[in-house]
Chemist: 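Here you go, one structure.
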Amino acid sequence: MEKIEQLRAALARRGLQALWVSDPANVRYLSGFTHPDDGRLLVTPGAAVLYTDGRYTVQAQEDALPGIEVVIARPLEAIEGAAPAVAGMKMGVEGAHLTVSALERLKERWQVQFHPVEGLVEELRLHKSADEVAGIRAAQALADRVFAEVRPQIRAGVRELDIAMALEQGLRQAGATSAFDVIVASGVRGALPHGTASDRVIEDGDLVTVDFGANLNGYNSDMTRTVAVGQPADELKRLYNAVLEAEEAAVRAVRPGLKAGDLDAVARDILAGHGLAEAFAHSLGHGVGLVVHEGPRLAQGSEDVLAPGMVITIEPGAYVPGLGGVRIEDLVLVTEDGYEVLSHSPRETLA
Ligand SMILES: CSCC[C@H](N)C(=O)N1CCC[C@H]1C(=O)N[C@@H](C)C(=O)O
């Protein structure tokens, strides 16, 4: 019930009494329900009720965390049934997730004051518990094992798609799923930061960017390695070594109390020093947990402050249209006195 108590305190600070939780990751986080797309959670001062339908009668009872009451009902019955308990309350709804039509359905049935809120549960999710860290660590360890198995297949003559399928199959066989569409971007396609695997055949001299994650028991991992096939051109080696320098420096700089925007600047300044300011076309990283992209934001100007228990990615990249690209990404836990790198797949060294 600790999370629910923390949520009630956060609601009280905003002058609210209740929250209708509709974002799946938030439903799962607060209730433990493993099919959160089909669940909603109502948190009031006296209760925390998980609503789901008859498909999950057994599952919801098995999953529900202590203190979570489960009600099996069709969606409209659920909100009609809850109407007396919420009457007159100041009710938060998740503005970033509740659809307009879902809000209309609530308005027709509940005599409450609705207040859109943002980031309330997401704020709690920033700080991972020991169990959550263990879940993410296990997901990343699995991804490292799968990458080690597939790494020898990254060679000339193989399609990007074959690499992606081998990674996905390895994850599946180990009881996980892919956290997102696997990115395999080789040769000139390396200039696409989100270049999901295509039928391009890898060639001698290519750099191949592989970005993938495991989703294991709801928790995600995220890692990128850029692999050299044969001898890449000097210009590509230069790109690779600049990104490696920026990545390693940013990882070493991770510590609690540091502003995420300042961490982004560590990598960005190094790349700018190599004339690659424009080539680094995205943010340094993001938090990882029940969702692949969650807080904190490691981006230019971000005021988010790193704290122990946050799990973040550090993933600078450099992308040159017509030439190719490089990204190196590690998954990092912020600790009391610094950091721990959770991803252990070897990075390439290109002399
Ligand atoms: C579709 S999930 C992609 C996972 C990947 N590791 C990742 O987060 N990437 C790939 C390149 C950029 C980065 C990203 O999408 N960053 C976001 C947060 C941004 O807005 O910069």
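Just so you know, ligand 1 is whichever comes first in the structure, and atom 1 is the first atom listed for that ligand. Quick caveat: nothing in here was measured; it's all calculated off a predicted structure.
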Chemist: Within a radius of less than 6.0 Å around CZ of R172, do more than 12 heavy atoms belonging to other residues, nucleotides or ligands occur?
Modeler: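 Atom CZ in R172 is not crowded, with 12 or fewer foreign heavy atoms closer than 6.0 Å.
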
Chemist: Out of G325, S283, A299, whose heavy atom sits nearest atom 21 (O) of ligand 1?
Modeler: S283

Chemist: Specify the protein heavy atom at minimum distance from atom 8 (O) of ligand 1: its residue, its atom name, and the distance to 0.1 Å.
Modeler: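 Ranked first by proximity to atom 8 (O) of ligand 1 is H293 NE2, 2.7 Å.
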
Chemist: Mind checking whether R327 has a heavy atom under 4.0 Å from ligand 1?
Modeler: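 For ligand 1, residue contact (heavy atoms, under 4.0 Å) with R327 is present.
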
Chemist: Before accepting this row, confirm whether a basic side-chain N of the pair E248/R347 lies closer than 4.0 Å to the acidic partner's carboxylate O.
Modeler: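 Counted as a salt bridge, because a side-chain N and a carboxylate O are separated by less than 4.0 Å.
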
Chemist: Below 4.0 Å, non-hydrogen atoms only: which portion of R297 touches ligand 1? Side chain, backbone, both or neither.
Modeler: neither

Chemist: Give yes if a backbone or side-chain nitrogen or oxygen of D222 is under 3.5 Å from a nitrogen or oxygen of ligand 1, and no if not.
Modeler: yes

Chemist: Can you name the atoms of ligand 1, numbered from 1 with element, that are less than 4.0 Å from a heavy atom of D211?
Modeler: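 Those atoms are 4 (C), 5 (C), 6 (N), 10 (C).
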
Chemist: What residue and heavy atom of the protein are closest to atom 1 (C) of ligand 1, and at what distance?
Modeler: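 Its nearest protein heavy-atom neighbour is H194 CE1, 3.8 Å.
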
Chemist: Would you mind reporting whether Y339 and V334 have side-chain heavy atoms less than 4.5 Å apart?
Modeler: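 V334 does not reach Y339 side chain to side chain.
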
Chemist: One thing to verify: whether R105 and E108 come together as a salt bridge, which I'm taking to mean a side-chain N less than 4.0 angstrom from a carboxylate O.
Modeler: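 Looking at R105 together with E108, the answer is no, because their closest N to O distance does not fall below 4.0 Å.
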
Chemist: Below 4.5 Å, heavy atoms only, C-beta onward: do V49 and V43 meet side chain to side chain?
Modeler: no

Chemist: Could you list the atoms of ligand 1 found under 4.0 angstrom from a heavy atom of E329?
Modeler: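 Under 4.0 Å from E329, ligand 1 has these atoms: 6 (N).
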
Chemist: Just to confirm my output: which protein heavy-atom neighbour is closest to atom 2 (S) of ligand 1, and how far is it?
Modeler: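 Among all protein heavy atoms, the one nearest atom 2 (S) of ligand 1 is F180 CG, 3.7 Å.
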
Chemist: Closest non-hydrogen protein atom to atom 9 (N) of ligand 1, residue and atom name please, with distance?
Modeler: E315 OE1, 3.2 Å

Chemist: Only distances under 3.5 Å count here; give the side-chain donor-acceptor pairs of residues 305-326 to other protein atoms, sequence neighbours excluded, each with its distance to 0.1 Å.
Modeler:
residue: T313; atom: OG1; partner: H286; partner atom: N; Å: 3.2
residue: T313; atom: OG1; partner: H286; partner atom: NE2; Å: 3.4
residue: T313; atom: OG1; partner: E315; partner atom: OE2; Å: 3.0
residue: E315; atom: OE2; partner: H286; partner atom: NE2; Å: 2.9
residue: Y319; atom: OH; partner: H282; partner atom: NE2; Å: 2.6
residue: Y319; atom: OH; partner: R327; partner atom: NH1; Å: 2.7

Chemist: Using a 4.0 Å cutoff against the non-hydrogen atoms of H282, which atoms of ligand 1 qualify?
Modeler: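 Taking each heavy atom of H282 in turn, ligand 1 has 11 (C), 12 (C), 21 (O) under 4.0 Å.
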
Chemist: Inspect the contact between R200 and D206 and indicate whether a charged nitrogen and a carboxylate oxygen are less than 4.0 angstrom apart.
Modeler: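 Yes, D206 and R200 are salt-bridged.
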
Chemist: Roughly how far, to the nearest 0.5 Å, is the CG atom of L11 from the NE2 atom of H115?
Modeler: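 With rounding to 0.5 Å, NE2 (H115) is 11.0 Å from CG (L11).
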
